[in-house]
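These notes are about the structure you will find just below.
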Amino acid sequence: MKQASTAGSEDRQGGWIRGMIAALAPSAPQQVIENLERALDVGGSHLPPQVFFETVEQSAIAISITDVQARVLYANRAFESVTGYPLAEIIGKNQSMLSFKTTPRSVYDAMWRTLAARQTWSGRLVNRRKDGTRYLAELSISPILDAHGKTAYFLGMHRDITAMQRLERQVQNQKTLIENVVDLAPVAFALLDERERVVLDNHEYKKLIGDLGVGEPAAHVVAALRASMGEAYDEARVSGRGFANQEIRCDRPGKRAPRWFSCSGSWFEDEDTSADAFFEPQHRSYMLLVMNEISLIKRQQEEQRLSALRSVLAEGELAQSLREAIAGAIYQLQGPINLIEAAANMLGRRGVQHDALALVGVLREAVAAGNRAMETLRGSMPAEPNEAEVPLNINELLHEVLVLLTDRLLAAGVTIEWRPAPVLAPVHGRPTQLRNVFKQLIENAIEAMNEPHRESRELRILTCPEGEAVGVYVEDTGPGIPEELRHKVFEPFFTTKRSNGGSAGMGLAMAQEIVNRHQGLIEIDARHQEGCRMHLRFPIARRSREAA
Ligand code: FAD
């Protein structure tokens with residue numbers, strides 16, 4: 001005889017069967033005992049049968065043995081205490097007497113199909129105790145086969161799991177409640193594990209996956225936070241203090257407006273639930289990232305800033321053209337004054353005649369008058385705006401300039417390809433000055449392309465991280481700048497424009513000076529052949545520990 005689903009050594013089986021015989025002896029029919037004794041044709045166990053009987057009898061699990069009709073032949077003490085039935089009342093009765101009659105018929109059908117296939121069935125049934133109360137039984141039934149492989153008995157083992165089930169249900173209910181609350185929240189949540197993989201998110205977060213088009217939004221946001229917070233990000237993580245209200249900007253290619261999020265992050269630990277961690281608790285660290293979209297407010301603020309900027313830029317343009325005009329006049333005046341001074345010096349050194357002394361005097365007078373005039377001009381030069389250096393997002397400045405120049409771009413029929421890096425580290429700089437640089441470059445590009453019969457009029461603006469710097473490319477499809485002029489164009493008062501309407505050739509000189517002041521670089525990309533491509537680089541700002 002063997003238990004269908006349990007393979008063990010003959011020795012163990014023999015012992016097990018002896019135990020069963022001992023257990024059944026008081027109540028089972030003689031035929032059953034004889035069958036079992038015949039089956040005990042195996043290597044003997046060294047333990048007396050009584051040990052097996054007591055093992056089953058004293059087991060904390062409710063154990064029963066039935067015939068193939070599920071009529072009880074034997075039940076242990078735990079069975080009596082779980083069901084409330086004394087042994088005498090259940091021997092010979094069908095196990096169905098335990099049914100509370102609420103278990104779906106399909107469960108029993110599946111159970112009996114499994115047993116008919118001589119396999120062990122495990123599942124949960126709603127049972128009724130003798131006193132009429134119900135309990136949830138976790139049950140396992142195994143067929144015991146005879147020497148011909150036919151089912152001779154069933155071995156049933158069950159325990160009351162009502163309390164455990166209640167706890168499980170409570171935990172599940174709480175989990176569902178939390179998930180519903182998180183899902184309904186109007187902000188995006190993502191729970192990140194130690195490797196920054198999203199292990200839990202909510203509905204708002206899932207929407208971002210499609211909307212932003214940058215792959216995993218959390219990875220993008222964390223990269224942007226690292227770029228903008230610098231060391232403060234790691235400090236917030238290591239100290240466990242977290243961070244709050246960190247604004248990040250998400251730029252998207254093409255005509256899609258940037259999105260803004262106010263982000264908070266908090267780190268917490270939970271205990272590993274694996275068996276390995278049972279005696280040696282292991283902690284796992286998680287980060288809860290909360291992203292609150294503030295694009296609408298930011299767009300309104302941007303609108304207001306742009307209209308203020310328009311008037312600032314108009315004033316700046318006026319002052320700039322005045323500066324250029326005065327600088328041009330000084331430049332033009334300096335030449336003749338130098339000549340007159342040289343002539344006066346020459347005459348003075350030669351030891352001139354008495355009548356020529358008067359001429360030397362007049363020349364010196366002229367030089368002095370010229371210098372005074374130049375001083376007056378220098379004094380009337382409008383001062384450069386004095387603004388403080390702040391951390392800047394180059395994408396933001398370029399986008400603002402593009403918006404400000406939209407009318408001019410449209411009028412010249414120029415199409416724009418705007419390809420910002422989704423995440424850019426901040427640059428320390430003076431916003432108005434840098435805006436002027438970008439405005440100058442874009443205006444140069446418009447002017448270069450705005451000539452009759454030019455079919456292709458495309459302006460491409462691209463930003464990208466370049467090591468410890470931020471790179472900017474402003475590229476047009478105009479005639480380009482001949483190689484021999486590529487250095488000259490940065491000189492003051494140099495211009496290639498035929499109709500010099502208002503342009504004093506100071507634009508690129510001014511741009512270079514501002515870029516130099518920002519420890520940056522501006523050059524004409526020699527690799528580019530179709531039109532002109534300006535390449536600029538600005539070192540990224542290293543933010544020290546700022547409050548997270
Ligand atoms: P039943 O009239 O007993 O049968 C329902 C369906 O099951 C029928 O359609 C029939 O096709 C099938 N069926 C019944 N008996 C057999 C059989 N011998 N062979 C093949 N198909 C059969 N039930 C509980 O509710 N609680 C328990 O704790 C429990 N413990 C059990 C322990 C053991 C070891 C075994 C063998 C069975 C146990 N059962 C238990 C099942 C029980 O015997 C009943 O099948 C079940 O309770 C349904 O009872 P019923 O009166 O509603 O339907």
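First listed ligand is number 1; within each ligand, the first listed atom is number 1. The structure presented is a predicted model; accordingly, all values stated were derived computationally and were not measured.
- The closest side-chain donor-acceptor pair between Tyr108 and Ser99 falls under 3.5 angstrom.
- For ligand 1, the atoms lying closer than 4.0 Å to a non-hydrogen atom of Ser99 are 25 (O), 47 (O).
- Counted by atom type alone, Tyr135 and Asp160 present zero donor-acceptor pairs between their side chains at under 3.5 Å.
- In the vicinity of Phe154, heavy-atom distances shorter than 4.0 Å reach the ligand 1 atoms 34 (C), 36 (C).
- Shown here for Ala227 and Ala425, the closest heavy-atom pair between the two residues is CB-CA, 4.0 Å.
- Of the protein's heavy atoms, Ile141 CD1, 3.6 Å lies nearest to atom 35 (C) of ligand 1.
- When distances from atom 30 (N) of ligand 1 to the protein are checked, a heavy atom turns up under 4.0 Å.
- Contact annotation: for Thr103 versus ligand 1, there are no heavy atoms closer than 4.0 Å.
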Please list every donor-acceptor pair under 3.5 Å in which a side-chain atom of residues 276-291 meets a protein atom from a residue at least two apart or in another chain.
none

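- Looking only at heavy atoms of the protein, atom 43 (O) of ligand 1 is closest to Asn94 OD1, 3.1 Å.
- In this structure, atom 3 (O) of ligand 1 lies nearest to the protein heavy atom Ser96 CB, 4.3 Å.
- Residue Thr66 has at least one heavy-atom neighbour below 4.0 Å for each of these atoms of ligand 1: 34 (C), 36 (C).
- For atom 38 (C) of ligand 1, the nearest protein heavy atom (residue, atom name, distance) is Gln95 CB, 3.4 Å.
- A salt bridge does not link Asp131 with Arg129: every distance from a Lys NZ or Arg NE/NH1/NH2 to an Asp or Glu carboxylate oxygen is 4.0 Å or more.
- Between the side chains of His535 and Glu475, no donor N or O sits under 3.5 Å from an acceptor N or O.
- Within a 6.0 Å sphere centred on CD of Glu179, heavy atoms belonging to other residues, nucleotides or ligands number more than 12.
- For atom 5 (C) of ligand 1, the nearest non-hydrogen atom of the protein is Arg105 NH1, 2.6 Å.
- Nearest protein neighbour of atom 26 (N) of ligand 1, counting heavy atoms only, is Asn127 OD1, 2.8 Å.
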Scan the side chains in residues 393-405 for donor-acceptor partners under 3.5 Å anywhere in the protein, sequence neighbours excluded, and list what turns up.
from   : atom 1 : to     : atom 2 : distance (Å)
Asn393 : OD1    : Asn395 : N      : 2.9
Asn393 : OD1    : Glu396 : N      : 3.4
Asn395 : OD1    : Thr463 : OG1    : 2.7
Asn395 : ND2    : Asp251 : OD2    : 3.2
Asn395 : ND2    : Ala421 : O      : 2.9
Glu396 : OE2    : Arg305 : NH2    : 3.0
Glu400 : OE1    : Arg435 : NE     : 2.8
Glu400 : OE1    : Arg435 : NH2    : 3.3
Glu400 : OE2    : Arg305 : NE     : 3.1
Glu400 : OE2    : Arg305 : NH2    : 2.2

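- Around atom CD1 of Ile297, no more than 12 heavy atoms belonging to other residues, nucleotides or ligands sit under 6.0 Å away.
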- Stepwise ring pair (Phe, Tyr, Trp, His ring centres under 6.0 Å) check, Trp418 with Tyr473: CA-CA 10 Å; Trp418 168 228; Tyr473 290 86; over 10 Å; no

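- Counting heavy atoms under 4.0 Å from ligand 1, residue Leu139 touches it through the side chain alone.
- For ligand 1, the atoms closer than 4.0 angstrom to any heavy atom of Met111 are 37 (C), 39 (N), 41 (C).
- Ligand-side atoms of ligand 1 in range of Val68: 18 (N), range being under 4.0 angstrom from any heavy atom.
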- Does the pair Phe79 and His158 meet the rule for a ring pair (Phe, Tyr, Trp, His ring centres under 6.0 Å), with working shown? CA-CA 8 Å; Phe79 190 96; His158 84 265; 5.6 Å; yes

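- Counting heavy-atom neighbours within 6.0 Å of Glu269 CD, excluding the residue itself, gives a total above 12.
- Polar contact with ligand 1: absent for Gln69 (N/O pair, distance under 3.5 Å).
- The protein heavy-atom contact nearest to atom 25 (O) of ligand 1 is Tyr108 OH, 2.7 Å.
- No N or O atom of His158 sits closer than 3.5 Å to an N or O atom of ligand 1.
- Under the 4.0 Å distance rule, the nearest protein heavy atom to atom 11 (O) of ligand 1 falls outside the cut-off.
- Ranking protein heavy atoms by distance to atom 20 (C) of ligand 1, first place goes to Trp112 CE3, 3.5 Å.
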